[in-house]
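Keep in mind the model is a prediction, meaning the values are calculated, not measured. The first residue in the sequence is number 1, and the count goes up from there.
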Amino acid sequence: MKYLRPISLSVLLSILLLLVVPVSFAKNAIDSVRIWPSPGSTRIVFDLEDTPQYSYFTLSNPDRLVIDLADTKKNFDFAKLANKSPLVKKLRYSSAKDKSGIRVVIELNKKLDSNLFALPPTEPYRNRLVIDLDDKNAPASASTVVKHNNSQQSRDIVIVIDAGHGGEDPGSIGRGGTFEKNITLNVAQRLAKLIDAEPGMKAVMTRSGDYYISPNKRPDIARKHKADLLISIHADAFTTPQPRGASVWVLSMRRANTELGRWMEKSERHSELLGGAAEVIQDTASERYLTQALLDMSMDHSLTTSYDLSRKVIGKLRGITRMHKKIPQAASLAVLTSPDIPSILVETGFISNPSEEKNLNWSKFRQQLATSIFSAVKTHFSESPPDDSLWAKQKRHTRTHKVRSGESLSLLAQRYNVNVGAIKAANNLRSDVVRIGQVLTIPRT
């Protein structure tokens, strides 16, 4: 008969502790929290170590959104959280449903619609829980108005400027840590300032701050403001640092047939994942053929105008920077898909190229980009203003004259029955000297 070796006292105590005291470790934890306010809405993002398991409900008097996170540590200090949202008072903890989880209360300033969804890890982010808070009663953005003109028969040319990416979606990130979303917003703001300073033009920005807008919703903003043109500003990137130069893109009705175009289409889908749940259009056979037929009928003018304008933009950009492509490129990008509004996408340079990243961080170069794009836009609308615009009205009241040998400003003023000062003002002339072959605008009295 075999005898069992006696168990030591220390081993016995260890076994008893395991039986008496259950060991429980929450596997998830909050790494960080970000609050992104935008007009009429706010997005709150929880960065977590693992996939969030959550449930939520709302309370009123006062208005609150309560979120239960299962199997999660109470490790984050909400008191240190930066909050500039007019919709959110604060975030705090409350008594959890059980010991392994936490309860987070979002105190609201008013009753809001809420939408919660989880997102998988996507560089540069980990697992996320996204909370979208929307104020359905928020006042709508100011409607487009005519400025510099009192007549109801003519209006401003409305140009919507889209600063690419924003908020949760930083866009491409340069080797020096530059975020594309910051470059695009700054160039867009400079371009808007130039447009608003031009009589008969008005700029509308899709985003005026650091927040996310789905690529599919950006053309909707242009349509809401009855835009004559949509310009989307971006900074290019590639898998290697060698590519460089600016480029201009228009909508392709087919998939992109270049490697860079396919990269851009992939990047846009990546941006949707960074910014939130991607919006998917159903692609049944009947819808696809119907959509194609409608687009074929409605997009001819828009695509023709977009291509013509993109050539002008390329011509201006060549004066300040290297061009990656010397002709307009085409890709299937959501931001360009408005069938009734000419739309172009300007890639200002490769943020993945170290030297171009430095250029894009240079204030003077950003201003040159904005000025070049504006110059092309102004040339385009000078030649082809919308029929009901102030510019079209002014064009109907002007004529041109090509200077011939022996002609002078005083002679032309006498011939057309206008004063010399009016001709000089119409042509931005600083002297009375004219050149043979020079084309002058002759204002009508």
Side-chain angles (χ1 to χ4, degrees), residues 38-40 139-151 154-166 180-211 213 215 217-235 246 248-250 302 305-306 308-310 312-313 316-317 320 335-336 338 340-348 363 365-394:
S38 62
S141 301
S143 59
T144 301
V145 296
V146 176
K147 51 183 191 59
H148 311 297
N149 177 37
N150 294 322
S151 171
S154 55
R155 62 170 180 82
D156 290 337
I157 296 170
V158 181
I159 301 169
V160 170
I161 308 169
D162 172 48
H165 309 281
E180 180 184 358
K181 67 176 182 178
N182 298 329
I183 300 291
T184 62
L185 181 60
N186 187 264
V187 174
Q189 289 170 333
R190 292 170 185 267
L191 178 58
K193 188 174 181 179
L194 291 171
I195 290 171
D196 280 334
E198 184 69 29
M201 278 189 173
K202 177 182 175 63
V204 176
M205 294 186 64
T206 57
R207 68 178 180 95
S208 56
D210 189 12
Y211 49 87
I213 302 174
K217 291 183 178 179
R218 298 179 191 231
D220 292 340
I221 296 173
R223 187 173 296 107
K224 174 184 176 182
H225 288 274
K226 300 180 180 179
D228 298 289
L229 173 66
L230 169 64
I231 304 174
S232 188
I233 308 294
H234 287 255
V248 184
W249 295 74
V250 295
S302 177
T305 303
S306 301
D308 177 68
L309 176 61
S310 65
K312 288 182 171 66
V313 173
K316 296 296 182 180
L317 288 176
I320 65 163
V335 74
L336 300 178
S338 183
D340 50 343
I341 301 172
S343 306
I344 65 171
L345 187 148
V346 180
E347 294 283 3
T348 54
S363 177
F365 182 67
R366 295 183 190 183
Q367 187 62 43
Q368 289 175 333
L369 288 168
T371 301
S372 297
I373 297 169
F374 171 70
S375 179
V377 170
K378 187 175 179 180
T379 299
H380 169 77
F381 284 114
S382 295
E383 296 173 355
S384 305
D387 290 338
D388 57 344
S389 67
L390 176 62
W391 281 33
K393 181 180 179 180
Q394 292 173 338

A.B. asks: Got a sec, which residues hit side-chain contact (heavy atoms from CB on, under 4.5 Å) with Ala235, two or more places apart in sequence or on another chain?
C.D. replies: Glu180, Thr348, Ile351, Leu360

A.B. asks: Excluding sequence neighbours, so at least two apart, what forms side-chain contact (heavy atoms from CB on, under 4.5 Å) with Ser382?
C.D. replies: Lys378, Trp391

A.B. asks: Are Leu230 and Arg218 close enough that some pair of their side-chain heavy atoms sits under 4.5 Å apart?
C.D. replies: no

A.B. asks: Closest approach of Lys202 and Ile195, non-hydrogen atoms and distance?
C.D. replies: C-CG2, 3.7 Å

A.B. asks: Only one of Arg223, Lys217, Lys224 forms a salt bridge (Lys or Arg N to Asp or Glu O under 4.0 Å) with Asp220, so which one is it?
C.D. replies: Arg223

A.B. asks: At what distance, to the nearest 0.5 angstrom, does CZ of Phe381 lie from CG of Leu309?
C.D. replies: 7.0 Å

A.B. asks: Working to the nearest 0.5 angstrom, can you tell me the gap between Ile161 CD1 and Asp196 CG?
C.D. replies: 7.5 Å

A.B. asks: Does the side chain of Leu369 come within less than 4.5 Å of Ile233's, by heavy atoms?
C.D. replies: no

A.B. asks: State whether the side chain of Thr184 and the backbone N or O of Lys181 hold a donor-acceptor pair below 3.5 Å, judged by distance alone.
C.D. replies: yes

A.B. asks: Is there a side-chain contact between Val160 and Ile341, using heavy atoms and a 4.5 Å cut-off?
C.D. replies: no

A.B. asks: Taking side chain as C-beta onward, heavy atoms only, is Val377 less than 4.5 Å from Met201?
C.D. replies: yes

A.B. asks: Is it the case that the side chain of Ser306 and the backbone of Ser343 share a donor-acceptor pair, with hydrogens and angles ignored and the cut-off at 3.5 Å?
C.D. replies: yes

A.B. asks: Give, for atom CD1 of Ile373 and atom CG of Leu191, the distance between the pair rounded to the nearest 0.5 Å.
C.D. replies: 5.5 Å

A.B. asks: Apply side-chain hydrogen bond (donor to acceptor under 3.5 Å, both in side chains) to Asp228 and list each qualifying residue two or more places apart in sequence or on a separate chain.
C.D. replies: Arg155

A.B. asks: Measuring from atom CG of Asp308 to atom OG1 of Thr379, what distance do you get when rounded to the nearest 0.5 angstrom?
C.D. replies: 10.5 Å

A.B. asks: Ser154 and Lys393: which non-hydrogen atoms are nearest, and at how many Å?
C.D. replies: OG-CD, 4.0 Å

A.B. asks: Taking all heavy atoms of Leu317 and all of Ala246, pick out the closest pair and write down the distance.
C.D. replies: CD1-CB, 4.3 Å

A.B. asks: Do Phe374 and Glu198 have side chains that get closer than 4.5 Å, going by heavy atoms?
C.D. replies: yes

A.B. asks: Does some side-chain heavy atom of Ser232 sit less than 4.5 Å from a side-chain heavy atom of Trp249?
C.D. replies: no

A.B. asks: Could you list the residues that satisfy side-chain contact (heavy atoms from CB on, under 4.5 Å) with Thr371, not counting sequence neighbours?
C.D. replies: Leu194, Gln367

A.B. asks: Among all residues two or more places apart in sequence or in another chain, which pass the salt bridge (charged side-chain N to carboxylate O under 4.0 Å, His left out) test with Arg207?
C.D. replies: none

A.B. asks: Out of curiosity, Gln368 CD to Ser363 OG, how far, rounded to the nearest 0.5 Å?
C.D. replies: 10.0 Å

A.B. asks: Check step by step if side-chain contact (heavy atoms from CB on, under 4.5 Å) holds for Lys226 and Val158.
C.D. replies: CA-CA 7 Å; Lys226 300 180 180 179; Val158 181; 6.0 Å; no

A.B. asks: Just jot down the side-chain contact (heavy atoms from CB on, under 4.5 Å) partners of Asn182, sequence neighbours excluded, or say none.
C.D. replies: Phe179

A.B. asks: Of the non-hydrogen atoms in Ser389 and Pro386, which two are nearest, and what is the gap between them?
C.D. replies: OG-O, 2.7 Å

A.B. asks: Looking at OG1 of Thr206 and CD1 of Ile231, how far apart are the two atoms once the value is rounded to the nearest 0.5 Å?
C.D. replies: 11.5 Å

